[in-house]
*Asks:* 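Pasting in a structure now, in structure tokens, and then I'll have a few things to ask.
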Amino acid sequence: MRAWLLLFALLPALAAAGKPPAGKFSNSECVGCHAQRDAALIAAWRASSHARTAPKADCIACHGNSHAGSNARARHDEVCIDCHEKLNRAVVHSYTTSKHAVIVKLQGNAWDWSQPLARGNYRAPGCAYCHLHGAEHDTRLSTTPWDPFQTSVASAQETTLSRRQSVCGDCHAPRYVAEQTGTGERMQKIARMKLREARAAMTDYQGVLSADDRRTIETLFAGMQEHGRNVRLGVGHQSPDYQWWHGQPALDGDLLRIKGVIAERERRVLVERARSAANGGAKPGQP
Amino acid sequence: MNRRRYVWATLIVTLLAIPAGYGYVYWNKSGPGAGVYSREWKPEPVHAYWDPDRFYQPVQTVQGEFKGEQCIACHASVTPGIVNDWRASRHASPGNGKPPVYCSACHGSNHQALHMPTPKICAQCHERRVAQFMDEKRYGFPSHALAMERAVDAKHFADKPKAEVAACLQCHSVATKCDSCHTRHRFSAAEARRPEACLSCHSGPPHPDDDSYFASAHGKKYLAESARQDWSKPLAKGNYATPTCAYCHMANGNHQVADKTIWKFGLQEVNPNTSANEVRRGAWIEVCSDCHDAVWSAAKLKETDGERKQAWVRLYKAENTLKDLRSKDLLYPGATQRPAYPMDAMEKFFPHARIGYLDGQASAFYNVSPIERDYFEMWYFANLGAYKSAAHGDSAGVSHWHDRLDRALAGIETEAARLHTQGEAEKKKLGRRADPGRLWRDGEYTDYNREHN
């Protein structure tokens, strides 16, 4: 009986010991304390681009500077969008035009965001649900590398793919996830083919092009790189518009325009040559 | 005597030709894909989810017949999200003493023969709404009910590798399943009433319904006040402070969205004053009159008539410029110098650049010469942006897109003049047309596309 009483008397003290301290904190204070409590989490954050690239997204940027409601705050889309919209609108827009984002926007107000980002807790995934699932702070694990000129799947991608299978599997059937992933991979492969076709044409016909042509083509090629990334974003964020309109047909357009610049230069050179041959075999003018 | 023989011969040929024609179309539609080119392609696995009636195959993992409560008991741990959704839906508690609509009502009870619900299955209970939706077919394109046919019968859809065009069917599946707007497994009417429910498909270059609506006075008011709105109310007069997509296009919850379309999709010029269009105009004025004066509403509709007329003056100029180049064989590369127009047997014998809506312009956005692509973008992006802005009351959008139309037209005319000069110079100096050769005919994607439908 006495032992019980003692326990009851100690309970508030025990609870206080487990409770996060009140007050405002700086980022180094957060890291200092949490590195002891959960070293793996801090290490994961340090490895992510959030910690490594400017502007740095530190603890406070997402969680705020006090403990009260800090997890719920960081789980909301607005926290990510505030920054990422300025960095690259396509990243955000490809998500906001998906069904996932629409459901979060329309119904998220009624959800309990203090729940962990885990199976069954959210009707639809926000940014954090997929990219920081289960409090995994290494966001690199939830993004696929995008090198349009790679031909084989990098081994780093294996982790991402198995992680995706399990995160999407929180809500969707395993077959559905595998098939969506497969189609998404093939769709990106096709986007890469278009980029490589353009690059091959640029290399093969390098000699005929003028400096102006090269500049025009470089601008078009930069456009293609962006459309390629749009396909990738569309697949990852499940936005039909980014997979298609901002992606594939946009790639088609810039590919044919690059070929158009080359073809146009070639035919001019042909006519030039014919003209100078008619004028007594003088050297054709430089393109 | 002879005359009688001719009559008989004609009659017999006609009687044979009609069923043969039907037979041919039926045969074409019976391939592994879908639509009139179904024999030319095989679906991607994900197409099973976008057109389940045609492509879905059940999984064979679990054996046995299950009752509703049993489905729930097991899936609460296997797929808790789905069960949570269902529990919060009207299917779980329909009220008025009605029994719950369990999983098996829509998916079947034999786990090895499960199916994905189609409008036909939803119609078992929601007969009136599905009937309204199906009634759209009478009005032709554009409509939700014909969206799937429209996608699979597009030549570029049939021609391109299926993984490339997989996303097309994700939106066009609005015809073949009901959860595009009422997402599974909540199937909430309140959700489908919000404009965001439409914008995952109604956005992007050819149909910026989202941008044009949110930039309009209606849309701005929505963005400012939507949190205070009770979305459980029916889409009827007095219930909403500002109109949404559904309020106007699905007034009173009518799932028939095609019956009021005056300007169709903006892809062709239409006479906005035919008797049928006057009836549609009347229907629009009735909806607008829930909040506005009828005369004012009629004037607003006239503004869109005027905007369309202006857009078509420019579009016809550009189209005629291209047709002129085509007739003089000045497009570069010309139709014989590039991969054949997709999925067209006749193209192999009579190669021909596709210009204008009726000629198949909608598929002429790849493997064409740059000036044709410029026109495609003018017609499909700038023109439709202008139309959507006008129809949704975004006047800044109308100016923006008309400026784009002007610039596109000027660009096309300059480029056409250049093609003329260059073509003439070639004829004079070379005595023939230049040919870009393998640059246009070959390439990693171009080859892959040729071999994969």
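Below, chain A is the first sequence line, B the second, and so on; all start at residue 1.
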*Asks:* Tell me, out of H93(A), E266(A), R119(A), who's got the most heavy-atom pairs with chain B below 4.5 Å.
*Replies:* R119(A)

*Asks:* Of all the heavy-atom pairs spanning K160(B) and D252(A), show the shortest one and how long it is.
*Replies:* NZ-OD2, 2.8 Å

*Asks:* Looking only at heavy atoms and a cut-off of under 4.5 Å, which of G184(A), G253(A), A274(A) has the most pairs with chain B?
*Replies:* G253(A)

*Asks:* If you count heavy-atom pairs under 4.5 Å with chain A, which of P333(B), P161(B), P206(B), C201(B) comes out on top?
*Replies:* P206(B)

*Asks:* Against chain B, label R268(A) side chain, backbone, both or neither, depending on which of its atoms sit under 4.5 Å from a heavy atom there.
*Replies:* both

*Asks:* Could you tell me whether R257(A) and D374(B) have a side-chain N and a carboxylate O separated by less than 4.0 Å?
*Replies:* yes

*Asks:* What residue, out of E264(A), R175(A), H172(A), K105(A), has the most heavy-atom pairs lying under 4.5 Å from chain B?
*Replies:* R175(A)

*Asks:* Quick one, Q170(B) and Q238(A) - any side-chain contact, counting heavy atoms below 4.5 Å?
*Replies:* yes

*Asks:* Run the salt bridge (Lys or Arg N to Asp or Glu O under 4.0 Å) check on D254(A) and R373(B) step by step: do they pass?
*Replies:* CA-CA 10 Å; D254(A) 284 343; R373(B) 170 78 191 201; over 6 Å; no

*Asks:* Distance to the ring centre below 6.0 angstrom and angle to the axis at most 45 degrees; does that hold for R196(A) and Y445(B)?
*Replies:* no

*Asks:* To check you understand the geometry: which heavy-atom pair defines the closest contact between P240(A) and A167(B), and what is its length?
*Replies:* O-CB, 3.9 Å

*Asks:* Who among K189(A), M193(A), Q180(A) has the most heavy-atom pairs with chain B under 4.5 Å?
*Replies:* M193(A)

*Asks:* For each of G204(B), A76(B), A48(B), tally heavy-atom pairs with chain A at distances under 4.5 Å, and name the one with the top tally.
*Replies:* G204(B)

*Asks:* Salt-bridge test for R186(A) and E44(B): reply yes if a basic N is under 4.0 Å from a carboxylate O, no otherwise.
*Replies:* yes

*Asks:* Should K194(A) and E164(B) count as an ion pair when the cut-off is N to O under 4.0 Å?
*Replies:* yes

*Asks:* Taking the side chain as C-beta and beyond, is there a heavy-atom pair between C168(B) and W244(A) under 4.5 Å?
*Replies:* yes

*Asks:* Is A250(A) in contact with chain B via its backbone, its side chain, both, or neither, using a 4.5 Å heavy-atom distance?
*Replies:* backbone

*Asks:* Is there side-chain contact between I190(A) and E444(B), with at least one heavy-atom pair below 4.5 Å?
*Replies:* no

*Asks:* Working to the nearest 0.5 angstrom, can you tell me the gap between E191(B) CD and L106(A) CG?
*Replies:* 6.0 Å

*Asks:* Rounded to the nearest 0.5 Å, what separates atom CG in L255(A) from atom OG1 in T446(B)?
*Replies:* 6.0 Å

*Asks:* Is L251(A) in contact with chain B via its backbone, its side chain, both, or neither, using a 4.5 Å heavy-atom distance?
*Replies:* neither

*Asks:* What part of Q107(A) gets within 4.5 angstrom of chain B, counting heavy atoms only: side chain, backbone, both, or neither?
*Replies:* side chain

*Asks:* How about Y49(B) and E179(A): does a side-chain donor come under 3.5 Å of a side-chain acceptor?
*Replies:* yes

*Asks:* Say you draw a straight line from CG of D85(B) to CD1 of I103(A); how long is it, rounded to the nearest 0.5 Å?
*Replies:* 7.5 Å

*Asks:* So do H246(A) and P205(B) actually touch side chain to side chain, heavy atoms under 4.5 Å?
*Replies:* yes

*Asks:* Check whether any side-chain heavy atom of T183(B) sits under 4.5 Å from a side-chain heavy atom of R123(A), and report yes or no.
*Replies:* yes

*Asks:* Counting only heavy atoms not in K427(B), do more than 12 fall under 6.0 Å of its NZ?
*Replies:* yes

*Asks:* Just how far is it from atom OG of S276(A) to atom NZ of K429(B), taken to the nearest 0.5 Å?
*Replies:* 9.5 Å

*Asks:* At their closest point, which heavy atom of L199(B) faces which heavy atom of T96(A), and how far apart are they?
*Replies:* CD1-O, 3.7 Å

*Asks:* Sort Y122(A) into side chain, backbone, both or neither according to what part of it lies under 4.5 angstrom from a heavy atom of chain B.
*Replies:* neither

*Asks:* Find out whether V271(A) and Q422(B) are in side-chain contact, i.e. whether some heavy atom of one side chain is under 4.5 Å from a heavy atom of the other.
*Replies:* yes

*Asks:* Please name the pair of heavy atoms, one in A263(A) and one in P436(B), separated by the smallest distance, quoted to 0.1 Å.
*Replies:* CB-CB, 4.0 Å

*Asks:* Going from CG on D442(B) to CG on D204(A), what distance comes out if it is rounded to the nearest 0.5 angstrom?
*Replies:* 11.0 Å

*Asks:* Is it the side chain or the backbone of S239(A) that comes within 4.5 Å of chain B heavy atoms, both, or neither?
*Replies:* neither

*Asks:* Measure across M187(A) and A166(B) and return the closest heavy-atom pair with its distance rounded to 0.1 Å.
*Replies:* CE-CB, 3.9 Å

*Asks:* If we define contacts as heavy-atom pairs under 4.5 Å, which of Q243(A), R275(A), R192(A), K259(A) has the most with chain B?
*Replies:* K259(A)

*Asks:* Might you point out which heavy atoms bring A434(B) and R267(A) nearest each other, and give the distance in Å?
*Replies:* CB-CB, 3.8 Å

*Asks:* In terms of heavy-atom proximity below 4.5 Å to chain B, should N109(A) be classed as side chain, backbone, both, or neither?
*Replies:* neither

*Asks:* Pick whichever of I262(A), L256(A), T97(A) has the most heavy-atom pairs under 4.5 Å with chain B.
*Replies:* L256(A)

